[in-house]
Amino acid sequence: MNIKKPSFALLMLLVVGLWAVPSIATEQHEDPTEALVREIAKTLRCAVCQNQSIYESNSDLAKDMLSVIRTKVAAGEPESAIRDYFFQRYGDYIYLEPTAQGGNRLLWIGPFIALILGALALFSALKKWQPSQSRPPEVDKDAFRNRLKSEMDKID
Amino acid sequence: MKNLWKVILLSVVVIILVLFALGLENDPRNIPSPLVGRPAPLFSAPALDDGPPIVMESFRGRWLLVNFWGSWCGSCVREHSYLIELARKTAKRNDFVMIGVDFKDTKEGGRSFLASLGNPGYRHVFDPDQKVAIDWGVYGAPETYLVDPTGIVRYKQVGPLYDGWFEQIALPIMEKKP
């Protein structure tokens, strides 16, 4: 056991060291322009890779689009102008999240309309399924008795 | 009431099926260009031949065909013989001019492409970081724009031009608008 002690101490040192790593990593401060570049690039869709943002994509086009954004941010263009620049060229395909404008509004409202319609349908169906409590089925007691009697007579 | 729900349910199913059928026709790779019908982005950009920069506005008053290509693009090889033929065929028209934009390419790559496949004779913009291409909303190659004499984009062809493209697509547009 004694022989193992130094190696155990070394291991503990390593573990403690690993704990310290993230605190060193977070000490790097991001350039505010880069933060804005990332914010914009994350909302724009890479035109050649279906469902990845410009920021996440490794395609050449996305990288060059990112550098266009970087240049524009550095030039002091507002975020809306930069987003609009790409919109003017690639249409609303470029937005990862569809804008709530024009025909797109249907995409936003549609699910809620469907939900309301579904609730109405369920409500009316439930009403129908409930046993009607108004009145128990009326039985003509005399007719029943007569019928029973005649059936019994037949058996006899 | 019961029938009403049946009608609603049926129409919802029909609407979904119709939308689905329409969607099947769509190519997700084909992004419609919002530039059609709007002014073409202007540029003044370096040329592949190291000559004076190519200035977009200098083509005002003529129909302009802008072909985006790169030596890395397979379909551009397929398209190239038609571009040579088209340039030869339209050489005598003084209302029509063609230019190329060699994007995301090296100068050597672009030049050897033209040297080995033949030079159609018109000039090419050299756009290594695809600034011009992005400005025009290009996302692949080849892509070709037809710009009218007033500088409005009239048509965008995604993918290679083909035999008879000029007569089938470009001429009718050019003859409709003076």
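What you see is a predicted model, and the numbers here were worked out from it, not measured in a lab. Chain A is the first sequence line, chain B the second, and so forth, proteins listed ahead of strands; every chain is numbered from 1. Below, all heavy atoms of this structure are taken into account, side chains as well, without hydrogens, waters or symmetry copies.
- B/L83 is not connected to B/F113 by any chain of hydrophobic side-chain contacts under 4.5 Å among Ile, Leu, Val, Met, Phe, Trp and Tyr, and they are in different clusters.
- Residue contact with chain B, scored on non-hydrogen atoms closer than 4.5 Å, is absent for A/I94.
- Residues A/V48 and A/Y90 share a hydrophobic cluster, clusters being chains of Ile/Leu/Val/Met/Phe/Trp/Tyr side chains in contact below 4.5 Å.
- With hydrophobic clusters built from ILVMFWY side chains whose heavy atoms lie under 4.5 angstrom apart, B/V158 shares a cluster with A/M65.
- B/M174 and B/M98 end up in the same hydrophobic cluster when Ile, Leu, Val, Met, Phe, Trp and Tyr side chains are linked at under 4.5 Å.
- Chosen from B/I134, B/L9, B/D129, B/V138, the residue pairing most often with chain A at heavy-atom distances under 4.5 Å is B/I134.
- Between the side chain of B/R38 and the main chain of A/Q88, a donor-acceptor pair closer than 3.5 Å is present.
- Contacts of A/Y85 with chain B are made by side-chain atoms alone, with heavy-atom separations under 4.5 Å and no backbone atom involved.
- Rounding to the nearest 0.5 Å places CG of B/L35 at 6.5 Å from CZ of A/R89.
- Residues of residues 43-55 of chain B lying under 4.5 angstrom from chain A, judged on non-hydrogen atoms, do not exist.
- Residues B/V132 and B/V36 share a single hydrophobic cluster, defined by chaining ILVMFWY side chains whose heavy atoms lie under 4.5 Å apart.
- Atom CG of B/L171 has more than 12 heavy atoms from other residues, nucleotides or ligands within 6.0 Å.
- Options A/T71, A/L117, A/D60 differ in how many heavy-atom pairs under 4.5 Å they form with chain B, and the most are formed by A/D60.
- Between B/P34 and A/F87, the closest heavy-atom pair is CG-O, 3.7 Å.
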